[in-house]
Amino acid sequence: MRLTNKLIAAFILLTLSLQVNTSFASSLVVPLTTKSETSKGLTAKYFKVSEFVKLSPGEFSKLTGKKLNFFQRVSFQLIKLKMKHDLKRNPDMLITDYKKAPGRGSGFNIMWFLLGIAGPILGLFMPYLALFLLFAFLPVIMAYITHQDRESIKSVWMGFGVGMLLILLLIVLIIVAISSRKI
């Protein structure tokens, strides 16, 4: 009985180790839309925001050549609403000017703000002052090296300031706690 169990186990291990994994690759080729399909008079006139807001999601899909999913359609409708609001101030606005328009966006980048806070906080765990300074200023340095926009650089500096204020608050709390224990 024991010999047969060992032979079965050896046979299973042998078949598993000699098994040849064969895979066949396949891909789905989707032809790109030709220029004639997208240039049915849609491209030139939709540079104006006043014409762009009249687009339906289906027409926008034809224009871009990509089908929009549900969330993209909702986002598209929200952008159109914001553009309609901006048209009241500037009726001749172009799509190319929309991104560069003054007052667009919040001027705040949450990701760079959080990185700015994280730098000094992570620097606290460094054993040397030089490493603390390197970690504290690393998000700011990275924002400049990667050529981020003004809002991102402003956000990382604000985050750095908040991080340093948190460290200062921590130091003050520690000093108050130590001084109150001595009394």
Side-chain angles (χ1 to χ4, degrees), residues 27-125 132-170 172-173:
S27 66
L28 178 64
V29 177
V30 178
L32 295 173
T33 58
T34 61
K35 188 169 184 159
S36 63
E37 289 177 354
T38 59
S39 63
K40 296 176 182 173
L42 296 175
T43 55
K45 77 177 189 179
Y46 289 112
F47 281 127
K48 288 186 130 190
V49 174
S50 59
E51 292 295 322
F52 185 81
V53 296
K54 296 175 186 174
L55 276 175
S56 70
E59 290 171 335
F60 185 74
S61 293
K62 284 181 186 176
L63 184 65
T64 60
K66 294 184 180 180
K67 188 172 177 6
L68 300 177
N69 64 26
F70 174 75
F71 296 108
Q72 290 169 334
R73 282 189 215 152
V74 170
S75 175
F76 179 71
Q77 294 297 338
L78 290 174
I79 288 171
K80 281 181 19 178
L81 284 175
K82 188 173 267 195
M83 286 180 167
K84 284 180 185 177
H85 177 72
D86 291 341
L87 274 175
K88 292 176 184 173
R89 283 186 256 141
N90 184 5
D92 297 327
M93 186 177 245
L94 299 175
I95 295 291
T96 55
D97 297 335
Y98 192 77
K99 177 82 172 135
K100 299 181 282 186
R104 293 293 327 143
S106 64
F108 185 76
N109 189 325
I110 189 71
M111 183 195 75
W112 282 103
F113 178 75
L114 292 175
L115 284 173
I117 291 174
I121 302 296
L122 289 175
L124 282 177
F125 297 105
F132 166 75
L133 292 174
L134 175 71
F135 268 83
F137 282 102
L138 192 61
V140 176
I141 294 168
M142 290 304 296
Y144 283 107
I145 288 175
T146 58
H147 303 288
Q148 295 297 318
D149 56 353
R150 260 180 81 191
E151 288 84 16
S152 299
I153 291 174
K154 185 173 123 181
S155 298
V156 77
W157 275 109
M158 287 180 0
F160 174 78
V162 169
M164 293 303 280
L165 284 174
L166 288 173
I167 290 173
L168 184 65
L169 181 66
L170 180 68
V172 168
L173 288 174

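Computed from a predicted model, the values in this text were never measured in an experiment.
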Next on the checklist: Within this structure, what is the CE-OG distance for the pair Met93 and Ser50, rounded to the nearest 0.5 Å?
Outcome noted: 11.5 Å
Checklist entry - For Phe76, what residues pass the ring-ring contact (aromatic ring centres under 6.0 Å, His included) criterion, not counting sequence neighbours? => result Phe52, Phe60
Item to check | Inter-residue atom distance Ile141.CD1 - Thr146.OG1, 0.5 Å rounding | outcome: 11.5 Å
Next on the checklist: How close do Met83 and Val53 get, counting heavy atoms only, and between which atoms?
Outcome noted: CB-CG1, 3.6 Å
Item to check | Residue list, side-chain contact (heavy atoms from CB on, under 4.5 Å) with Leu122, at least two apart or on another chain | outcome: Phe135
Checklist outcome for this item: Which of Lys82, Arg89, Lys88 passes side chain to side chain donor-acceptor pair (under 3.5 Å) with Asp86? Answer is Arg89
Item to check | Interatomic spacing from NZ in Lys84 to CD1 in Ile79 - rounded to 0.5 Å | outcome: 13.0 Å
Checklist entry - Got a second to check how far Leu165's CG is from Phe160's CZ, nearest 0.5 Å? => result 10.0 Å
Checklist entry - Would you call Glu59-Lys62 a salt bridge at under 4.0 Å N-O? => result no
Item to check | Shortest non-hydrogen contact between Ala143 and Val156, atoms and distance | outcome: CB-CG1, 3.9 Å
Checklist entry - Any idea how Trp157 and Tyr144 line up, ring-wise: parallel (<30°), tilted (30 to 60°), or perpendicular (>60°)? => result perpendicular
Checklist entry - Shortest non-hydrogen contact from Pro139 to Gly119? => result CG-CA, 3.9 Å
Checklist entry - Any luck finding a side-chain donor-acceptor pair between Asn109 and Ser155 under 3.5 Å? => result no
Checklist entry - For the atom pair CD (Glu151) and CE (Met158), what is the distance rounded to the nearest 0.5 Å? => result 11.0 Å
Checklist outcome for this item: Scanning both residues in full, the closest heavy-atom pair of Lys67 with Arg73 reads NZ-NH2, 3.6 Å
Checklist entry - Out of curiosity, Ser152 OG to Phe108 CZ, how far, rounded to the nearest 0.5 Å? => result 10.5 Å
Item to check | Donor-acceptor under 3.5 Å (Gln77 side chain, Val74 main chain) | outcome: no
